[in-house]
Amino acid sequence: MTVPFLLAPMAELSHRPLRELIEGFSGPGSGCDEYFTEMISAGPLLGGGPFESWYMDAGPCPERVVYQLVGSDPEQIVRAALLLDSRECLGIDINMGCAAPAIRRTGAGVAWMASIDKAGSLIARVRQAVKKRLSVKLRIGFEDDFDYLLNFCRRLEGEGAELITLHPRTAGEKFKRSPRWDYVTALRRELHIPVAGNGDVASATDLLRRADGGPVMVGRAAVRCPWIFAEARSAQNFTDYHGFMQKEVDLEETALRFLELLIKYQPPEFYISRARRFFNYFCDNLKWAHYVKTLLNREETLGGIERALRGYFGEHPEERYRKT
Ligand SMILES: Cc1cc2nc3c(=O)[nH]c(=O)nc-3n(C[C@H](O)[C@H](O)[C@H](O)COP(=O)(O)O)c2cc1C
């Protein structure tokens, strides 16, 4: 059985340019199966803020895009879910996992995990409102307590959630703490709906290793290596998707392509912040990653970033191609 590969929702990263880049390495059925968007705040979405159309751009493959909503007010979340449900997409995901203090303080993200009843009734309301697939992304909770997590998820399942993604760290744990993948396995055994596992998948080999019991979601590694899904599928099927196996990855071309995609599919106000976020991970492919990041972070325009990248690869031609 082929298990689905999912791109994680990541603020300022999981947008159309990244999807375009990933699709460029693969294509339908041979790479990423579901693209979660960066979290979209329910309130501003309803308020029709100036950037909301960019957040809602589900290209280039809306049928595989899952909109992720974040918020604390059930009424707003339901209305925002309804709005997104009317667009072409695969599903709606509710963020119950984000532990960033600014989000948590407002009662959004992982704050929902404090009350099974409140979270359950939110999911029941959203379920009634939307037709598309409804999913929830969450963490273990505030404590390392599997029974609480299980009761929480059973309630969500009972109220109509159709997929749960578990990032198996507690609310207080940072990336340094290893994710507890055994909780993903245990949750899969107990629930009737699919459970996607997420956390620290670092390579195509890792992705395949995790893809033994259910969907796998990849975040940071898919920014560093946008070919990760295509590479894993090729290896899994011993096939040559789009010639992927024969190719080395051209890192310079990929970096420059990303800049083009930013210009094509994002508003100018987002260029720099999104370029910095992307290159913060992508540059980890390079030997002198820290140096390149410092160079790029000094730049205030995409033109400057492009020049810095070209200059770096000009000085270090051996860095340009990466074997997969
Ligand atoms: C920069 C960044 C932004 C993120 N934004 C979101 C978000 O908008 N919604 C969400 O549910 N999780 C968010 N996350 C968490 C990821 O979806 C994922 O759970 C986490 O990075 C672990 O997966 P990984 O080890 O594959 O990166 C974010 C993570 C990062 C690094």
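Atoms within each ligand, like the ligands themselves, are counted from 1 in listed order. Note that the structure is predicted; figures quoted are calculated from it, not measured.
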Quiz item: How are the rings of Y55 and F270 set relative to one another: parallel (under 30°), tilted (30 to 60°) or perpendicular (over 60°)?
Solution: tilted

Practice problem: Can you tell me which residue pairs pass the side chain to side chain donor-acceptor pair (under 3.5 Å) test with a partner in residues 185-197, sequence neighbours excluded? | Solution: R154-E190

Exercise. Taking only heavy atoms of the protein into account, state which residues are under 4.0 angstrom from an atom of ligand 1, in chain and number order.
Key: A8, P9, M10, A11, L13, M39, Q68, N95, K137, H167, F175, N198, G199, D200, V218, G219, R220, R277, Y281

Quiz prompt | Any residue meeting side chain to side chain donor-acceptor pair (under 3.5 Å) with R257, in chain and number order, not counting sequence neighbours | solution = none

Practice problem: Sequence neighbours left out, what passes side chain to side chain contact (heavy atoms under 4.5 Å, CB included) with Y321? Give chain and number order. | Solution: E248, D250

Quiz item: Any sub-3.5 Å donor-acceptor pair from T301's side-chain atoms to G304's backbone N or O?
Solution: yes

Quiz item: Would you say the ring centroid of F282 lies under 6.0 angstrom from that of F258?
Solution: no

